[in-house]
Amino acid sequence: MHSSAKLPASGSMIALMVASTSVALYLLNTTENFQKAQEMAVTSQLAFLGAAAAFVLLLIAMFDQIKTPLKFIYSCFLKPLSKKGDVSTPQSRLEAFYKDQAEIFDDTRSALLRGRHTGLALVAAQLKEQLKVSGTDKAPIWVDLGGGTGWNIEQMNSYFPISKFERVYLVDLCPSLCRVARERFQTLGWSNVVVLCEDALNGSFPGIDNPDGKFDVITMSYSLSMMDSYYAVVDRIYELLEPKHGILGVSDFYASNNIITTDTHGVENYQCSWFTRNFWTIWFSFDHVYLHSSRREYLEHKFEVKKVINGRNHMIIPYLVQIPFYVWVGQRKRSEFQRSPVAQLKAAVSVLPDSLAVDEPTLHQLQINDLRPRSMSTDSGSSQGSEVPDSPSSVGSSRTLVGANQSASTRAMIDKQVEARFGRKLSQWRLPYNPTLPCHTQFRSYIYAFTWEDPRIDLEVLNIQKDDVMFVITSAGDNALEYALKGQPSRIHCVDMNPCQNHLLELKLAGINNLNYSEFWQMFGEGRHQDFRRILIDQLSPSLSSTALQFWFKNRNTFDDCFYETGYSGLALRLFKWLLRIKGLTKTAEEISTTEDIQVQEQLWENVVKPSTLPEWLVQWVLSHPAFLWNALGVPINQMKLILDEGNAVQYIYDTLDSVMTRSLFKNDQYFYNLVVNRKYTRESCPSYLSEEGFQSLKTQKSTDAMLLHTKSIIEVLRSLQDGELTKAVLMDHMDWFDPKDADEEIKEVSRAIRSGGMVLWRSAGRKPWYNALFEKYGFDVQPVGVRVPGSGVSIDRVNMYASCYKAIKK
């Protein structure tokens with residue numbers, strides 16, 4: 001054994017003492033930690049208890065604020081089915097669901113049931129329009145089906161006073177909600193409001209013996225989706241609604257079908273994603289709310305759709321939660337539109353009062369003017385054997401049969417003519433189209449918020465007469481309105497394949513009809529209107545097509561800041577504003593637009609603005625980007641090629657702008673460029689229709705009644721017109737966009753549709769456009785109106801954006 005294997009006694013004692021001391025120190029340290037841990041635990045428990053107590057006290061203090069949402073959450077989502085009572089009948093099911101939350105119903109539904117205010121406002125606006133058109137003083141009768149607590153009726157008072165209704169009936173199946181409604185109306189003191197707690201199908205209406213066809217207004221707010229026998233309910237509503245002017249308004253949840261048919265109304269924002277469609281259908285079905293598309297489809301099958309707005313409720317979590325809902329206004333369908341065109345005309349005559357009777361010769365002339373086949377040309381060279389007079393009044397318009405002051409009966413007949421030829425109008429001016437076609441869906445907005453062609457030259461050359469029938473490209477609608485104001489032709493066919501351009505013109509037409517000058521000027525003169533959403537629904541909606549209403553409702557912030565900076569053309573204005581700002585030339589540009597000295601205007605441009613904003617390298621860069629040329633300037637590649645084939649692009653820009661500066665003042669004449677600088681018009685420098693005199697003239701003379709808005713390609717519209725129907729056509733720079741094959745096809749149709757002696761006017765980026773020869777080929781005498789000479793400093797009109805302007809007279 002080694003000596004080291006056994007320690008001496010003294011060493012053992014020392015080792016034992018060290019070990020004992022270590023254990024003692026460890027135990028002492030552990031005890032101290034334990035005591036500290038105990039102290040920390042006690043402290044944590046006290047803190048937790050304090051926090052819990054504070055939370056409880058907070059809950060007690062806030063109980064009045066949170067009890068309503070807690071009660072709503074419990075009743076809707078947590079309450080066991082077994083505690084909801086008898087649910088064997090629709091009434092017992094509704095009562096079991098709403099009994100505990102009847103008192104808080106209105107407080108908890110504002111975020112969930114969106115669109116109710118908009119729906120009521122649309123119904124009220126439509127009702128006011130119907131009363132104005134019918135000329136009756138009879139107080140309307142309204143029934144609110146599934147009216148619940150009466151919230152809808154109270155809110156309607158803000159849009160159409162309840163005192164102006166003869167009677168208002170609230171029908172609901174839930175006793176608890178009806179009790180709240182009775183208390184509400186008793187408090188408000190409305191003695192003409194009756195609450196009926198009964199089924200929508202079998203109910204009677206006190207004071208009305210035979211209710212069929214007696215109700216002027218029927219509304220359903222988030223109730224159609226809860227009704228079991230919805231087919232029968234919709235059928236019953238059809239029977240109750242006044243057949244000619246009665247209005248039906250519906251606001252509700254929905255789920256779209258997989259397919260949008262060409263007959264689907266309210267296409268804008270209609271389609272739901274697969275997840276949205278299926279998730280919300282299943283979710284709401286737990287509470288016996290059914291979103292299946294068949295409910296809305298049957299409603300639209302049974303009634304004629306007047307207005308639709310599709311929306312998404314972003315409740316709780318914006319853009320993640322998207323509950324689809326719709327606001328819908330309709331009327332009973334008019335059966336006469338299933339008849340032949342001649343039968344439609346005779347049916348319309350039969351319902352006119354004696355004071356508006358149409359004599360038989362006038363009716364005959366109306367029939368042959370616009371209902372004859374296209375082959376019956378009015379051209380003197382092809383009308384042999386035809387009994388149709390070869391005069392402008394018989395070419396596509398019967399407006400001149402009774403002169404400028406048309407009778408109401410003649411206007412009614414003209415509307416029948418139009419609808420017999422083109423289909424049921426979507427509004428006073430808008431013709432039907434299929435918004436689902438790719439040629440339309442490619443456009444998300446309008447390209448042009450303002451029109452660049454100078455109408456002064458057009459009016460001088462065209463010499464528009466009251467019996468003229470015109471064909472124009474819509475663009476922003478400014479020039480079409482100028483033609484209507486200054487020439488008052490009998491018909492103006494406005495054509496644009498971009499639906500949004502026609503939405504814009506339709507908004508202007510509705511504004512002229514329904515707004516005062518101050519409101520109209522705010523929108524299209526100043527380019528801003530802080531109350532646009534209200535006037536859109538309350539004042540403009542009755543005159544707008546459903547598609548236009550949906551577009552502007554979706555873009556209701558368009559007039560919040562600057563309308564003229566919207567659309568693709570607005571991009572160019574925003575870039576120019578930015579360029580002036582970074583160059584420090586904002587005040588100089590403003591001085592150009594306000595000076596009364598043409599020499600000052602020219603010098604500021606030539607010496608200050610031009611060198612800084614249009615250096616040659618920048619112009620070359622801009623003009624070398626096709627995407628910018630199209631999206632900001634509306635210049636397609638084919639048109640740019642015309643410019644390059646005849647010269648230098650930089651020189652083209654300088655030739656455009658240099659001569660403009662010496663032609664006339666921005667301050668009182670050059671409203672095109674004044675708009676670019678200021679992004680708004682002034683009373684001194686604006687299109688004629690924006691002047692107060694022009695606005696009032698359009699409003700009182702009803703010159704805009706001549707407009708028809710076609711949302712189709714130019715070639716399609718031309719083919720729908722009769723031989724020799726047109727007398728004047730303005731094609732703008734449209735022909736620059738075409739290749740030879742398409743141009744040949746279109747010019748051939750223009751030649752067919754325009755009568756002998758008629759005129760076509762166009763502008764081109766080329767001084768001698770190649771397609772002039774095609775006009776000559778198809779029987780036109782082509783003459784220059786104005787052709788720019790490079791470097792001459794002479795402009796051909798106030799805009800001078802194009803190198804040439806031509807007219808062609810049909811031989």
Side-chain angles (χ1 to χ4, degrees), residues 446-460 472 474-487 504-505 507-508 511-512 517-518 520-529 559 562-567 569-570 572-574 576-577 580 586 588-598 600-602 604-605 609 633-634 656-698 730 732-733 763 786 795-802 805:
Y446 39 86
I447 296 175
Y448 309 104
F450 45 90
T451 303
W452 270 107
E453 285 79 6
D454 187 354
R456 182 181 295 169
I457 298 298
D458 296 7
L459 291 166
E460 290 174 1
V472 306
T474 301
S475 186
D478 298 336
N479 286 8
L481 289 169
E482 292 288 310
Y483 305 151
L485 173 63
K486 299 294 182 65
L504 176 53
L505 177 53
L507 184 70
K508 291 179 178 180
I512 291 169
Y517 176 67
S518 175
F520 190 77
W521 173 257
Q522 286 180 60
M523 287 177 60
F524 297 109
E526 294 288 341
R528 64 186 64 191
H529 197 303
F559 294 91
C562 180
F563 163 71
Y564 291 106
E565 289 186 356
T566 64
S569 61
L573 264 63
R574 293 195 299 273
F576 184 67
K577 178 179 71 172
L580 290 177
T586 302
T588 303
E590 290 175 357
E591 188 176 352
I592 288 177
S593 68
T594 56
T595 183
E596 298 182 356
D597 189 330
I598 192 73
V600 172
Q601 177 175 287
E602 179 187 8
L604 288 173
W605 161 254
V609 177
L633 303 178
T656 296
L657 297 175
D658 288 348
S659 55
V660 164
M661 299 300 165
T662 60
R663 183 182 180 97
S664 59
L665 289 170
F666 283 26
K667 178 180 172 63
N668 56 22
D669 190 46
Q670 290 276 9
Y671 65 77
F672 312 94
Y673 293 101
N674 200 8
L675 175 69
V676 173
V677 172
N678 298 302
R679 298 170 303 286
K680 64 179 181 179
Y681 292 113
T682 67
R683 299 293 176 92
E684 292 179 275
S685 186
C686 66
S688 300
Y689 77 92
L690 279 177
S691 68
E692 186 166 8
E693 180 183 359
F695 173 84
Q696 297 298 347
S697 177
L698 287 172
V730 182
M732 294 186 167
D733 63 331
R763 289 174 170 83
S795 60
I796 62 173
D797 57 31
R798 288 178 296 176
V799 181
N800 202 39
M801 184 61 68
Y802 301 98
C805 179

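Numbers here simply count residues along the sequence, with the first being 1.
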Rounded to the nearest 0.5 Å, what separation is found between the [atom1] atom of [X] and the [atom2] atom of [Y]?
X    : Y    : atom1 : atom2 : value
I592 : L665 : CD1   : CG    : 11.5 Å
D658 : S795 : CG    : OG    : 11.0 Å
M801 : D454 : CE    : CG    : 12.0 Å

V730 and Y483: side-chain contact (heavy atoms from CB on, under 4.5 Å), yes or no, with the steps?
-> CA-CA 11 Å; V730 182; Y483 305 151; 3.7 Å; yes
To check you understand the geometry: which heavy-atom pair defines the closest contact between [X] and [Y], and what is its length?
X    : Y    : answer
L573 : Y564 : CD2-O, 3.3 Å
A449 : F563 : O-CE2, 3.7 Å
A589 : V677 : O-CG1, 3.4 Å
C686 : S691 : SG-N, 4.1 Å
I796 : C805 : CD1-N, 4.2 Å
V799 : W452 : CG2-O, 2.7 Å

By side-chain contact (heavy atoms from CB on, under 4.5 Å) - contacts of T594 (at least two apart) =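 With sequence neighbours excluded, T594 shows a side-chain contact (heavy atoms from CB on, under 4.5 Å) to no residue whatsoever.
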Side chains of residues 521-529: which donor-acceptor pairs under 3.5 Å do they make with residues two or more places apart or in other chains?
unit_1 : atom_1 : unit_2 : atom_2 : d
R528   : NE     : D561   : O      : 2.9
R528   : NH2    : D561   : O      : 3.1
H529   : ND1    : D531   : N      : 3.1

Evaluate the side-chain proximity of [Y] to [X]: yes if any heavy-atom separation is below 4.5 Å, no if none is.
X    : Y    : answer
D797 : F672 : no
Y673 : L657 : yes
I457 : R763 : yes
S697 : L485 : yes
L505 : L481 : yes

With a 4.0 Å cut-off, would you call D458 and K486 a salt bridge?
-> no
[X] side chain to [Y] backbone, donor-acceptor under 3.5 Å:
X    : Y    : result
N479 : E453 : yes
Y681 : L675 : no
Q601 : S664 : yes

Contacts of R456 that satisfy salt bridge (charged side-chain N to carboxylate O under 4.0 Å, His left out) - sequence neighbours left out | D669
Among all residues two or more places apart in sequence or in another chain, which pass the salt bridge (charged side-chain N to carboxylate O under 4.0 Å, His left out) test with E565?
->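 Salt bridge (charged side-chain N to carboxylate O under 4.0 Å, His left out) check on E565 returns K577, R679.
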Between F520, Y671, F695, Y517, which is the residue that forms a side chain to side chain contact (heavy atoms under 4.5 Å, CB included) with L690?
-> F520
State, without any angle test, whether S659 and N800 hold a side-chain donor-acceptor pair at a distance under 3.5 Å.
-> yes
Judged by modelled atom types alone, do Y446 and T566 share a side-chain donor-acceptor pair under 3.5 Å?
-> yes
Which salt bridge (charged side-chain N to carboxylate O under 4.0 Å, His left out) pairs, counting each pair once, include a residue from residues 683-697, with sequence neighbours left out?
-> K667-E684
What's the verdict on side-chain contact (heavy atoms from CB on, under 4.5 Å) for T595 and F666, showing C-alpha distance, side-chain angles and the deciding distance?
-> CA-CA 8 Å; T595 183; F666 283 26; over 6 Å; no
Step by step, would you call M661 with V609 a side-chain contact (heavy atoms from CB on, under 4.5 Å)?
-> CA-CA 12 Å; M661 299 300 165; V609 177; over 6 Å; no
Looking at residues at least two apart in the chain, or sitting in another chain, which of them share a ring-ring contact (aromatic ring centres under 6.0 Å, His included) with Y689?
->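 ring-ring contact (aromatic ring centres under 6.0 Å, His included) check on Y689 returns nothing, list empty.
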